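In what follows, a structure is listed as structure tokens, so that the remarks can point back to it.
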Amino acid sequence: MSSSYDKFQKRRLLSSYFSVVLSVFLVLFLLGILGLFVVNSKKLSDDFKETIVMTVFMKNEANDTIIKAFDDEMKTAKFILSHTYVTKEEAAKIHTDIIGENFMEFLGANPLQNSFDLHLKADYIVNDSIAKIETRLRSNEMVSDVVYDKQLVNLVNDNIKKVSFYILCISGFLALVAVLLINSSMRLSIYSNRFIIKTMQMVGATKSFIRKPFIWRSIRLGIIGSVLAILALIGTLYYIDTNYPNLEILEDQLMTGAILLGVLLVGILITWISTFFATQRFLNLRTDDLY
């Protein structure tokens, strides 16, 4: 009978340990993902901004010398990330491929113009800066028109502010959930040892002496959960970097390493705090309240 009860207690204890490790792993993995997203949010938004194309159409009077001069100007412009010169013949071929028929056959001529597709640096894709760039480009007498998606630029800039606010709110909420969830798991783990705690207290053991083994055990469980979360985060980072190399998510290794180290420290800190208050609760209970 005693052996059966001991086995039951051991299974119960292992189950509580597993729940603690799983709770630590899941919460810290989510917090780590959120932390990495926050760190790389500017990079992600910059990458999206830099895909927005500003097309500069040149007048038909613009000869090769003027085109070359404008090309050289764009190479030295501080707001240009990259640019591509598209002849009207290349533009006609692109349009033909899109619509599936040669529109020049019934028009009799190519109505398109030579153009430059400009990709601006992300720091300049804000309403004030991009408007100044547009004005500067239009001041060139050989520029026929400057076209870009103004609504998309406004939408991107507005949504970045909203997303940053939501990320801050979600981070606070997840941090609270992390403490509550891990604290609940730690209390369940310590609950099974409440009689041992009270017995040690009755024979004269100090609170710090009783609390110490529980805290060290919890810290070990926290480290296991944190290491699992770190391994999962590293796997996620390599997956993203392999499939989306343009994001260069592993470029800032110092900040990434700081977040992974932070995950480990948070795992240790939360389990230590949770165990401290959980054991304190049972240390302050009367013997009759244990049942």
Side-chain angles (χ1 to χ4, degrees), residues 2-39 170-203 205-239 256-285 289-291:
S2 176
S3 177
S4 177
Y5 179 76
D6 290 342
K7 289 180 180 179
F8 171 75
Q9 285 292 93
K10 186 177 292 186
R11 285 196 301 269
R12 189 177 177 184
L13 200 58
L14 289 174
S15 177
S16 67
Y17 292 166
F18 177 77
S19 66
V20 170
V21 172
L22 184 62
S23 299
V24 172
F25 164 71
L26 290 176
V27 170
L28 292 183
F29 177 72
L30 290 175
L31 285 175
I33 288 290
L34 193 60
L36 290 170
F37 181 78
V38 169
V39 169
I170 293 172
S171 300
F173 176 74
L174 277 181
L176 179 62
V177 170
V179 174
L180 294 177
L181 185 61
I182 295 174
N183 182 63
S184 177
S185 298
M186 297 308 308
R187 288 180 63 181
L188 286 173
S189 175
I190 295 171
Y191 178 79
S192 61
N193 293 294
R194 65 193 185 282
F195 292 109
I196 297 175
I197 291 174
K198 186 54 64 177
T199 301
M200 292 174 68
Q201 193 174 18
M202 291 176 66
V203 297
T206 61
K207 290 184 178 182
S208 60
F209 179 82
I210 297 171
R211 195 185 294 117
K212 189 174 182 179
F214 291 102
I215 289 177
W216 279 113
R217 185 184 65 192
S218 299
I219 288 176
R220 286 195 295 269
L221 295 176
I223 291 174
I224 293 172
S226 301
V227 169
L228 291 175
I230 290 172
L231 292 175
L233 288 170
I234 292 173
T236 303
L237 285 171
Y238 275 105
Y239 174 81
T256 301
I259 290 176
L260 296 179
L261 179 61
V263 167
L264 178 63
L265 295 177
V266 168
I268 294 173
L269 182 64
I270 291 178
T271 50
W272 180 82
I273 293 174
S274 299
T275 305
F276 180 88
F277 287 106
T279 52
Q280 189 68 22
R281 176 177 177 272
F282 289 110
L283 285 170
N284 293 332
L285 284 178
D289 295 331
L290 295 176
Y291 296 92

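Given the structure is predicted, the values throughout are model-derived calculations rather than measurements.
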* Asked: When rounded to the nearest 0.5 angstrom, what is the spacing between CD1 in Ile234 and OG1 in Thr256?
  -> 10.0 Å

* Structure fact -> Of all heavy-atom pairs linking Trp272 and Ile215, the shortest is CD1-CG2, 3.0 Å

* Asked: Are side-chain heavy atoms of Ile230 and Leu264 found at a separation under 4.5 Å?
  -> yes

* Look at the side chain of Thr271 and the backbone N and O of Ile268, then say whether any donor-acceptor pair between them is shorter than 3.5 Å. => yes

* **Approximate separation, where rounding is to 0.5 Å, of Ile219 CD1 and Leu269 CG** => 9.5 Å

* Asked: How many angstroms lie between CD1 in Ile270 and OG1 in Thr275, if you round to the nearest 0.5 Å?
  -> 11.5 Å

* Minimum heavy-atom distance Val24-Gly222, with the two atoms named -> CG1-O, 3.7 Å

* Asked: Considering residues at least two apart in sequence or located in another chain, which fulfil the side-chain hydrogen bond (donor to acceptor under 3.5 Å, both in side chains) criterion with Thr206?
  -> Ser208

* **Option passing side chain to side chain contact (heavy atoms under 4.5 Å, CB included) with Val21 (candidates Ile224, Ile223, Val227)** => Ile224

* To do: With sequence neighbours left out, write down each residue that passes side chain to side chain contact (heavy atoms under 4.5 Å, CB included) with Leu233, or none if nothing qualifies.
  => Phe29, Ile33, Leu36, Leu260, Val263

* To do: Give the minimum heavy-atom separation between Ser226 and Gly267, together with the two atoms involved.
  => OG-CA, 3.3 Å

